[in-house]
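So the structure is just underneath, and the comments pick up after that.
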Amino acid sequence: MDRATGMNAPEAPAGALPAQEVSLDVLREKYARGDERTIEDVQRRIARALAALEPATQRADCERRYLEAQQQGFIPAGRIASAAGLGLSATLINCFVQPVGDSISGASDGLPGIYTALSEAAETMRRGGGVGYDFSAIRPLGSKVAGTASRASGPVSYMEVFDASCRTVESAGARRGAQMGVLRIDHPDIERFIAAKDTGRLTNFNISVGVTDAFMRAVEADEAFALVHAAEPGDEDQAAGGHRREDGLWVYRSVRARDLWERIMVSTYDHAEPGVLFVDRMNAENNLWYAEELHATNPCGEQPLPPYGCCDLGSLNLTAFVDAPFTLDARLDFERLRKVATVAVRMLDLVLDATRWPLPQQADEARAKRRVGLGFLGLGSALAMLGLRYDADPGRAMAARIASELRDAAYAASIELAREKGAFPLFDADQYLRGQFALRLPEALRDGIRKHGIRNSHLLSIAPTGTISLAFADNASNGIEPPYSWTYQRRKRTADGGTRSYEVCDHAWRLYRQLRGDAPLPPSFVTALEMRALDHLRMVEAVQPFIDTAISKTVNVPEDYPYDDFRDLYLEAWRAGLKGLATYRPNAVLGSVLSTAPAADDASAAPVADDDPLRRRFEHRPLGELESVTSKIEYSTQEGRKTVYLTVSFLRAEGVWEGRQVTVERPFEFFMPANQRTGGHQWITASMRLLSMVARAGGPIARALADMREVVWEKGPVRCGHITRDDGVQVPVYHDSEVAAIAFMLQRILTRRGFLDEQGNQVPVDALARSFERRMHDAAPGPRLQEETPAEPLPVLNGAKCPECGALALRKVDGCSRCASCHYVGECG
């Protein structure tokens, strides 16, 4: 017996369940490394890696204790399991929030510029972390950009760039990046944000609206609600009533709060997003209310975090603490749970010192606050083993007691750590103990904090635990969730980009079948889709008061769940004091990861599904030569005439479209050799790399180029390329930056190649396939050289911006707006 914790390594129970195939597959694919083959192999590596940070005389004892804690039910989060003790540059931390400012580069209001944030987020995901963002600082679509006559493209357009980056940056340990995008409810682009995923876009984002108490009160009172931003609106918005308030913010317009709320409810009912974050509640309950402000969460919502905030996670497998399951004597061993939680807190605190940080800002943030997030998994399975229904008061009371015991054990452990190692650097006893959460702690814990401090600013978080539940807990239910189904088919990505189906059984169901055979399931076996949506919410309401950060909870409802029963769910969540909520109803856009129906035996009977060749991902550049087009272009700026060479390489892509096999030609790489010493060329090179990432990932090239054409600088117009008027005369085109000019010329290359149309829009798959077939049939030579009129010196222009050619040459002539460059005629009168 361990004198420090009273724990012994558990013996295997009689008739222990054999491992499921899916559990072994997930363990070996995601977590086992080198010669590791079993759960214990991974656990020993983790224990050894963390014990190595203890004083030399304590390491052997600590390693034993850390192994025993895992054997008795503590499961470190996936990042820890997949990388601890391996010497990888991967992070052991699951959760990050990346700040994003309003500038393109540099910084504004203390926030990194958009492309700086993109680079930092890519580095974080490359090292294995999931990233959340608050995009609210980015100025709205159509707002003025200082120093130019152009307009902003808005936060949703930049989210597309972050989405493409995430799609192609493979995280360490065979994991792909995950992202959460947040926009405040009062941002003028909020309607566009709500609708951003209507057609299946932003597939690498979860999105949530940051909702304020003021907005919710306006919904209840059926009042108008102002959409505001610090950026000045465009002339049209100002002419329509946009004005500046006394607090310096610009009011773009006002909307009926209930109408905006209804938009969110309809969208979430139709395709599960956006979720909702109650940001005022997050901040009011924050232990560090005196030192930070929270605007966003990690991708799954269990960790509200400040800029560069981060958190390492772990969970207690509640099924491991159930004694005498499915009997009248069934009980949960709280004494053992408290002892395991005590060791788990120490282990998670060590993770903060063991990890490698993607960014120095994240390391500084973590050391100042030492956040950890201990939670639980298997609640739904454990309640079934205890004979308690998830959707009834006794089940909720048990969950609340579990959370309360976990809170008290974790806080007591962190106080003891503070006595041994010191409190977190930003600890202020008076301020900390005035926090709303700290005020609910038992007086003994408050006295301990006042006397000794506390090692970790936050300690508790209930995260989604899908793959660690599968790998380490025999598919005990995920986090706080009830089981989706007791047996089901699960689709899992394979290394080649395909999917594989498994039959998966819940741990409680397997154990019941082993003990009771084919006996009917007792009433405690209730699944996610067999209960009311309100019952899901009531479980979070019961547990949230004991969790100092947040809970990742998805309310699963069946496809035929009535909208009238659904629509008030989030309003009820706000009234209940929750920090956030997400819902899921199966739908045509998203489908379902889990399926209770068995896989079809006769594959030939199923229709052939379309496999869009434009969306197929290519992980690597193929060997051999690529067919390429190189174009020499010239452009003029206020600094003079410049020459660059643009190269676009193409690749054949096969797929299925409208039931038939097709082959198309796709751009695969974008390249511009350039002098890297100037800021402009650096950004152009960065844009080329991002375009190549989008191209390889099967992303929206047309949209990416259109967004690039919106990039502005403060050096005046750039003259590059020509358009042909209806009378056949060529006139020059003016752009707002070098990047925008390059994007225009890339559009011209892809238009001549037949990939884009004359307006820069994507040509449909069937037309691309026919074009490719004709090219192969005719065996035509490559595209002929395209003659571009050499760029002339940039003329002095002092009119308004022409919507046709971009020249600053639009003036009033005879009562009409006319462009002196391309002769465009606009408004008259």
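For the single chain, residues carry numbers from 1 onward in sequence order.
Every side-chain hydrogen bond (donor to acceptor under 3.5 Å, both in side chains) that Arg389 has, sequence neighbours left out, goes to Asp391. Partners of His536 according to the side-chain hydrogen bond (donor to acceptor under 3.5 Å, both in side chains) rule, which considers only residues two or more places apart in sequence or in another chain, are Lys553. By the side-chain contact (heavy atoms from CB on, under 4.5 Å) test, Asp247 is found to be paired with Arg245, Leu249, residues two or more places apart in sequence or in another chain being considered. When the side-chain hydrogen bond (donor to acceptor under 3.5 Å, both in side chains) test is applied to Trp574, the partners found at least two apart in sequence or on another chain are Asp213. Not counting sequence neighbours, Ser552 has no partner by the side-chain hydrogen bond (donor to acceptor under 3.5 Å, both in side chains) test. In this structure Ala214 satisfies the side-chain contact (heavy atoms from CB on, under 4.5 Å) test together with Thr212, Arg217, sequence neighbours excluded. The salt bridge (Lys or Arg N to Asp or Glu O under 4.0 Å) check on Arg331 picks up Asp323, with sequence neighbours excluded. Take Asp353 and apply the salt bridge (Lys or Arg N to Asp or Glu O under 4.0 Å) test, not counting sequence neighbours, and it matches Arg370. With sequence neighbours left out, Phe225 forms a ring pair (Phe, Tyr, Trp, His ring centres under 6.0 Å) with Phe215. In this view, Glu572 and Leu534, Leu537, Arg538, Arg575 satisfy the side-chain contact (heavy atoms from CB on, under 4.5 Å) rule, not counting sequence neighbours.
Listed by first and then second residue, the ring-ring contact (aromatic ring centres under 6.0 Å, His included) pairs that reach into residues 396-418 are Tyr411-Phe437, sequence neighbours excluded. The list of ring-ring contact (aromatic ring centres under 6.0 Å, His included) pairs with a residue in residues 351-376, not counting sequence neighbours, is empty.
Taking a cutoff of 4.0 Å between a charged side-chain nitrogen and a carboxylate oxygen, Glu416 and Lys451 do not qualify as a salt bridge. Contact check on Asp349 versus Arg455 returns a salt bridge, with a Lys/Arg side-chain nitrogen under 4.0 Å from an Asp/Glu carboxylate oxygen. Ion pairing between Arg440 and Glu285 holds under the 4.0 Å rule for side-chain N and carboxylate O. Using a cut-off of 4.0 Å between Lys/Arg side-chain N and Asp/Glu carboxylate O, Glu262 and Arg258 are scored as not salt-bridged.
The shortest distance between side-chain heavy atoms of Asn94 and Asp312 does not fall below 4.5 Å. Taking the side chain as every heavy atom from C-beta outward, Val211 and Val279 never approach each other to under 4.5 Å. With contacts defined as side-chain heavy-atom distances shorter than 4.5 Å, the pair Val97/Thr297 does not qualify. Here the side chains of Leu183 and Val209 are not in contact, with every heavy-atom distance at 4.5 Å or above. Using a 4.5 Å cut-off on side-chain heavy atoms (C-beta onward), Met282 and Thr549 make no contact.
With 3.5 Å as the limit, one finds a donor-acceptor pair spanning the side chains of Thr91 and Thr355. Between the side chains of Tyr390 and Asp535, no donor-acceptor pair of N or O atoms lies under 3.5 Å.
At most 12 heavy atoms of other shown residues, nucleotides or ligands fall within 6.0 angstrom of atom CD in Glu335. Counting non-hydrogen atoms of other residues, nucleotides and ligands closer than 6.0 Å to CZ of Arg450 gives a total above 12.
Of the possible donor and acceptor atoms, none in the side chain of Asn478 sits under 3.5 Å from a partner among the backbone N and O of Glu481. No side-chain donor-acceptor contact under 3.5 Å links Thr319 to the backbone of Gly378.
The distance between the ring centers of Phe135 and Tyr158 does not fall below 6.0 angstrom.
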